[in-house]
Every structure is written in structure tokens, then in C-alpha cells.
Amino acid sequence: MSSSPQVSNAAVRVRFAPSPTGWLHIGGVRTALFNYLFAKKQGGKFLLRIEDTDTDRSEQKYTDDILSSLKWLGMEAEEPLLYQSHRNKIYHEIANSLISQGLAYRCYCTEAEVEATREQMMKEGKKPMYARTCRERVDAVTGRTSFAIRAKFPLSGLTRFTDMIRGEITFPNEDLDDFVLIRSNGVPTYNFVVVIDDIEMKISHVIRGDDHINNTPKQVFLYEALNAKQPLFAHLPMILGQDKKKLSKRNGETSTNAYRSEGYLPEALLNFLVRLGWSHGDQELFTSDEMIALFDLEHVQVSGAVFNTEKLLWIQGEHMRKADPKRLLEIVKTDFAGKLSTTSLERLNSAMGLELITFVQQKVKLVKELAEQLHPLCEKGVMTVDASTLKWNKDEVLKNKIKDAIRSLIAELKPAAKEPSQSLGAYGYDHVKVDTLLRALCEKHGIKLGDFTGPMRLFVTGQATSAIGLFDLLSILSWDVIEARLEACLKS
RNA sequence: GUCCCCAUCGUCUAGAGGCCUAGGACACUGCCUUUUCAAGGCAGUAACCAGAGUUCGAAUCUCUGUGGGGACGCCA
């Protein structure tokens, strides 16, 4: 995504902070996008942090995927990435300092004990929480060496913060837990490190999914405990599946690379995503520059949005038609080479290939479909086709008339193509001329144009449905290929 | 269960008290165009969760109810 010149506002710093425990989630992309757009619009910076504190589930391949997908989408970090796994020492120092200030404490309870009280409270109809057994403990428990570190969260009062999208949100402190800062295995938790790192990175605006609203009071407590200035919070509505529940693998495709391999263009995916929870009047279609110029938090929706694949496909089609054919050619070559043969790929690189793309991109929506359409058109030989559905199978007389007409057509075109490997377009047979010629032949042989073109289209395009008209094909494809395919048609 | 958030066509949304007999888009239906159609053009169906209040006036403000979602982890 390119960025138009904006006023520089160095104070605006936002981040996208995924955890590398899965492929880049499409909902994560929307979060990243809103952060990115906000930063670009304000002239601030977009940063990236890898939240890999969950050592069991974090994997390098997922980090690689997140980075390559973001690059594909044109949203790259403007400062070096921060990896939480590299900052363990700092987290421990801060935790210990909180203990010495009386803002955190060591908890010697085992996970099983904590789990037991949680279940008990649930049964009693209370909010499941830690029983605060170790909160006022002064010494270590005899016989136990392993401990977690917990926040000493206030027992009463209110914690509030202002959300830029929803206004003031208030939580009674008594409903909040003494959450864990450092696990007994020494690994710090999300709620703890997110605050430390946002302070370290000088994040001014935390823009994230609204599933984090409930985490915010815990984090507000930590900002105060660490004596740091709170960032401004903006909680985005969730992206929902068709079942109106949080989008997950169960109710829709969530990995970004899946959309790429389906043949979606990055700008189309972003355009679709930006309209999920944000609007600018009646405008549906945005270029990447327009998104940056128009984006604002004021028009972000508060309620969840269902991920609508049909609309995504429509937006994709709109962007496909506007895309630069040269760029589409490159995408076909890098992402969809497998849809073509060595020969068709080679011939696609010619002027003919580019001309075909300009036609096919008007009809087809996905780049994958573009590649599939292009293959038989660029192949040199005769394609195997299923002629059983042709109308002429039911009418022997018609079939002969059509074949006669095709013979006449070959007889007329063959001498015209002085160099058979050239296209007839090179000899003046453009769309209009082909049109006139075919209509004249139909009249002469007493057949309908539709009946005439049916079998020809099947054999020339090599497929049942073609995104490009026969008249155009006859002038674009090289004559030797057309002739061979028409001959095959005569033999069928 | 407890806490938090939310509530306009099937879906994405416009809407900041009168401009709303609620607008746009996707999808759907019909028609047109046409050399196939998967493109294009035109038209149509379709919504303010309910009830009270505030007001001359409410989709817009308040309250209650209902419904939905999210969070309640030594996941992030």
C-alpha cells in the first residue's frame, strides 16, 4: 500500500501485535489495517510486535507467515520488530520491582488448587476468580519452591477508561481478579507484557479487537502501577462468521494466505475489510490511497460485522477489472504458475498474453480464474473438449451445414494468414471484421449465428465457458492454433 | 452463572431530534443487451427488537425488558 503525503505527527504510534500461534488471521488483518490507516492518516508510525510469550504454541513458520502476508498486503512495520521472547529479563525485573512496591505478590498455589476454587465459585453462581490465598502472605510456603507472580489488584473502587469508539467504560474492581503476571515456569503473561512493551514502544493509541475490552482494566492498573501514561484505547467490533459468532476456522476461512491462493488481490481484500466496521457515506470502493485519506475512528461501527464472502467476491471483481494487466501477468506467474503448462506460460509472456489478459480480466473475478482461463488460450495444441452437450448432436443436417461453414471460414482465413504463427489481427481481422465475416457466412449457409459459434467457441477456447468472446479470440490467437482447433472441430 | 459490550433490509452500512412515506451496496427476483456467460444496463422485493418516557416532533435522547456477542486461563 502506498501512502500519500501526510502531515507528520511523530506522537502517533500504533502497533499490530499478533502472536505467532497460527497463520495470520483475517480478523488480525482488519485490526492491522485500521492501525495502519490511522497511523498513515495522522502522519504517525505503524509498528509490529511479535507476541511470542506462549513458548509452547509459538512457531517460527507462523512468524514468517505473518511477515510475508503483511508484506503482500503492503503493511510493513516502520521500525524494527520487537519480539517479546527476547525481553524476559526486563519483564522479571519489573515484576520484582512491583513486588517490592507492594503492587504484586508471589503466589504459591498450584494450578490444580486455583482451578478447584474457580469451579467452586462457578457453582455458587459467582464470577470464577482466584481466592487470593497468597495475597497477604509474608513468607514462602514451606515445601513449595514454585510460585507465580500475581497483581495485587484493588479490592474495591472503580476502574474506568475512555474508549475512542464507545466512550467511557467502567468496571467495578471487585469483579476483577488478581491476575498472573509471571507464570510459575517463569514465562510472563500477555496482560503484563503488553503494557510494558506498549510503554517501551511509546504507543500512543491502542487499536484492537473488542474482545480485549475486559483486559483493559487490568492493563490500566498496570499503567498506574508502572507510573506510565496511558495510551488512548479504541476497541474495534469483532468480525463474525455467518453464525454471528466470532470468526474462526469453524465458521469460515480465516487464514490470509488462503485468500491469496484463492486469487484475491490484496487491495480487494483490504477494501472489503475496511468496510467491515467502517464506512464513508455510500462509498463502497476505495483505492488504498483513498482509504488512508478518508479513514477516521469516528465512523467506526460499534457492533460486530458478519464476514460476507459474496461481497468480498464482488469487490474483488471490481478491483480485478481496474488492475494493470502487466501486474496481473506477474501475479499469475508468481502465484498461479501451476495452473499453466510450460508452453502456455511461455506464450503468456508475449504481447498476445497481455492482450488476452485485458479481455479476460473484465469477466473473471479471481486471479486463479484468470490463470485457468489463460491456460487453454495460450496452449499451442488442440485441447481435449467434451462435445457431447453441443446442440448439433441432435441435428445431423445442422451439423453438416455448420461444418461446411467452418470449412468456408478456413478457406477464407488460411490464405490471409501469411505467417501462420501470427494472429489474424496482424492482417486486419479485428473484432468488427470477424463479426462481419461470420455473419455473412451464416447467411450464406442458412444457419443461425449462435449455432455457428457454439461448436467453434468450444473448440477454439478449449473450455465449456469462456470469459472472452470468440470474435476477439479469432483476431488475437495465432492462426496455426485456431486452424488446428477448427480442424479438430470438423473431425468431431 | 457473573461482568462488559452491542441492537436499522438476509448481509455490510448511511443516519448525530424535523431533510426519513429510512438512502446506498452485496445477495436475491424480473427485464434488457449479447457470439457462450461467469460481464454490463435497468427495475423490484426487503429493515429502524419491544415497551414506557422526554419532546410540538424520535431510527436518532433516557429507562426497563428481550435478544445477541464477548470476557471470565499459570492462552493471546
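Letters go in sequence order (proteins before strands), and every chain restarts at 1. As a basis for the values below, the full set of heavy atoms in this structure was taken, side chains included, without hydrogen atoms, waters or symmetry mates.
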task: Taking only the side-chain nitrogens and oxygens of A:Gln463, find out if one of them lies under 4.0 Å from OP1 or OP2 of B:C37.
output: no
message: Please name the nucleotide paired to B:A7 by Watson-Crick or G-U wobble geometry with both distances under 3.5 Å, or report none.
response: B:U66
- prompt: With a 4.0 Å cut-off on heavy atoms, is A:Arg57 in touch with a base, just the backbone sugar-phosphate, or nothing at all?
  reply: base
message: Applying a 4.0 Å non-hydrogen cut-off, can you work out what A:Ser184 is touching in the nucleic acid: base, sugar-phosphate, or nothing?
response: base
- prompt: Looking for any heavy atom pair under 4.0 Å, which part of the strands does A:Thr53 touch: base, sugar-phosphate only, or nothing?
  reply: sugar-phosphate
message: At 4.0 Å (heavy atoms only), tell me whether A:His280 reaches a base, stays on the sugar-phosphate, or touches nothing.
response: nothing
- request: Report which part of the nucleic acid A:Phe171 touches: base, sugar-phosphate, or nothing (heavy-atom distance under 4.0 Å, all strands).
  value: sugar-phosphate
message: So for A:Asp282 and B:G23, does any side-chain atom that can act as donor or acceptor lie under 3.5 Å from a complementary atom in the base?
response: yes
task: Give one of base, sugar-phosphate or nothing for A:Gly277, where a contact means two heavy atoms less than 4.0 Å apart.
output: sugar-phosphate
- prompt: Using the ring of each side chain (for Trp, its six-membered ring), is A:Phe153 parallel, tilted or perpendicular to A:Phe221, with breaks at 30° and 60°?
  reply: tilted
query: Reckon A:Ser466 touches a base, only the sugar-phosphate, or nothing at all at heavy-atom distances under 4.0 Å?
result: base
query: Can you tell me if the side-chain N/O atoms of A:Arg106 get under 4.0 Å from OP1 or OP2 in B:C74?
result: no
- request: Give a yes or no on whether a donor-acceptor pair under 3.5 Å exists between the nucleobase atoms of B:C3, that is its base, and the side chain of A:Lys127.
  value: no
- request: May I ask you to say what A:Ile213 touches in the nucleic acid, namely base, sugar-phosphate or nothing, with a heavy-atom cut-off under 4.0 Å?
  value: sugar-phosphate
query: Ignoring hydrogens and angles, are the base of B:A76 and the side chain of A:Asn215 linked by a donor-acceptor pair under 3.5 Å?
result: yes
field: A:Lys244 vs B:A7: side-chain N/O to OP1/OP2 distance below 4.0 Å
entry: no
query: How would you label the contact of A:Thr189 with the nucleic acid (heavy atoms, under 4.0 Å): base, sugar-phosphate, or nothing?
result: sugar-phosphate
query: Has A:Arg321 got a side-chain N or O lying under 4.0 Å from the OP1 or OP2 atom of B:G40?
result: yes
task: Indicate yes or no: does A:Glu51 engage A:Arg49 in a salt bridge with an N to O separation below 4.0 Å.
output: yes
query: Taking only side-chain nitrogens and oxygens of A:Lys365, does any of them come within less than 4.0 Å of OP1 or OP2 of B:A38?
result: no
Identity of whatever pairs with B:C42 - Watson-Crick or G-U, under 3.5 angstrom: B:G30
query: So what's B:G1 paired with, Watson-Crick or G-U wobble, going by both distances under 3.5 Å?
result: B:C72
- prompt: Under 4.0 Å: is that the gap between some side-chain N or O of A:Arg160 and OP1 or OP2 of B:C4?
  reply: no
message: Applying a 4.0 Å non-hydrogen cut-off, can you work out what A:Leu176 is touching in the nucleic acid: base, sugar-phosphate, or nothing?
response: nothing
statement: Paired to B:G57 by Watson-Crick or G-U wobble criteria (both distances under 3.5 Å) is none
message: On the nucleotide B:U36, are OP1 or OP2 found under 4.0 Å from the side-chain N or O atoms that A:Thr465 carries?
response: no
message: What's A:Glu318 touching, base or sugar-phosphate or nothing? Going by heavy atoms closer than 4.0 Å.
response: sugar-phosphate
- request: Verify, without hydrogens or angle tests, whether A:Asn35 (side chain) and A:Phe16 (backbone) share a donor-acceptor contact under 3.5 angstrom.
  value: no
field: Phosphate OP1/OP2 of B:G69: any A:Lys245 side-chain N/O under 4.0 Å
entry: yes
field: Cation over ring face, A:Arg150 and A:Tyr105, 6.0 Å, 45°
entry: no
task: For B:U13, take OP1 and OP2 only and decide whether either is under 4.0 Å from a side-chain N or O of A:Lys311.
output: no
hbond_proxy A:Glu284 side chain to B:G24 base (donor-acceptor, 3.5 Å cutoff): yes
- request: Please confirm whether the backbone N or O of A:Lys152 pairs with a side-chain atom of A:Asp178, one donor and one acceptor, at under 3.5 Å?
  value: no
- prompt: Is it true that A:Asp243 and A:Arg250 have a side-chain N and a carboxylate O under 4.0 angstrom from each other?
  reply: no
query: Is there a Watson-Crick or G-U wobble partner for B:A16 with both distances under 3.5 Å, and if so, which one is it?
result: none
- request: Examine the base of B:A76 for any acceptor or donor lying under 3.5 Å from a partner atom in the side chain of A:Thr21, and report the outcome as yes or no.
  value: no
field: Base paired to B:C37 (Watson-Crick or G-U; both N/O distances under 3.5 angstrom)
entry: none
query: Quick one: do A:Asp404 and A:Lys401 make a salt bridge, cutoff under 4.0 Å?
result: no
